[in-house]
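As the structure is a prediction and not an experimental result, all values here were calculated from the model. Side chains are part of it too, since the values below use all heavy atoms of this structure and drop only hydrogens, waters and symmetry mates.
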Amino acid sequence: MNQTELMDILQQGYQVALKRAALEAFEGRYEAQELAAIVINQQETLAEALELIQQ
């Protein structure tokens, strides 16, 4: 897989993770969008994940 394909997969997984976390974190008090706002920098998180995968 090339870097673009990996990033697409990570972005999709990130959205799924937010939805699951919204159900589990803080007893479901937050929606996925609210959790996304709490994350300081989604792009930085995804870039770090991509870097770790490529190592």
Side-chain angles (χ1 to χ4, degrees):
M1 293 187 149
N2 64 38
Q3 189 171 0
T4 302
E5 292 171 327
L6 286 172
M7 186 56 81
D8 287 342
I9 291 169
L10 286 172
Q11 288 173 336
Q12 291 172 13
Y14 189 87
Q15 296 304 316
V16 171
L18 279 177
K19 289 176 185 175
R20 288 184 181 172
L23 294 174
E24 295 179 19
F26 307 103
E27 299 175 356
R29 292 184 196 162
Y30 294 105
E31 296 291 325
Q33 295 166 340
E34 292 172 304
L35 287 179
I38 294 170
V39 176
I40 295 172
N41 191 335
Q42 175 184 345
Q43 291 305 319
E44 185 178 310
T45 302
L46 292 173
E48 185 175 341
L50 181 62
E51 183 179 322
L52 290 170
I53 289 170
Q54 292 177 328
Q55 289 181 356

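In the displayed structure, Glu34 atom CD is contacted under 6.0 Å by more than 12 heavy atoms of other residues, nucleotides or ligands. Within a 6.0 Å radius of CD in Glu44, no more than 12 heavy atoms belonging to other residues, nucleotides or ligands are found.
Here the shortest heavy-atom pairing between Ala22 and Ala32 reads CB-N, 3.6 Å. Taking all atoms of both residues into account, the shortest heavy-atom contact from Gln15 to Gln42 is NE2-NE2, 3.7 Å.
Between atom CG of residue Leu6 and atom CG of residue Leu46 there is a gap of 11.5 Å, rounded to the nearest 0.5 Å. Rounding to the nearest 0.5 angstrom, the gap separating the CG atom in Leu23 from the CZ atom in Arg29 is 14.5 Å.
Under the 3.5 Å distance criterion, the side-chain polar atoms of Glu5 are matched with a main-chain donor or acceptor of Asn2.
Residues Leu18 and Tyr14 form a side-chain contact, since some pair of their non-hydrogen atoms from C-beta on lies under 4.5 Å apart. For the pair Thr4/Asp8, a side-chain contact is recorded, criterion being any heavy-atom separation below 4.5 Å from C-beta on.
Taken together through direct or relayed side-chain contacts under 4.5 Å among Ile, Leu, Val, Met, Phe, Trp and Tyr, Val16 and Ile9 form parts of separate hydrophobic clusters.
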Apply side-chain contact (heavy atoms from CB on, under 4.5 Å) to Met7 and Gln3, showing your working. CA-CA 6 Å; Met7 186 56 81; Gln3 189 171 0; 5.6 Å; no

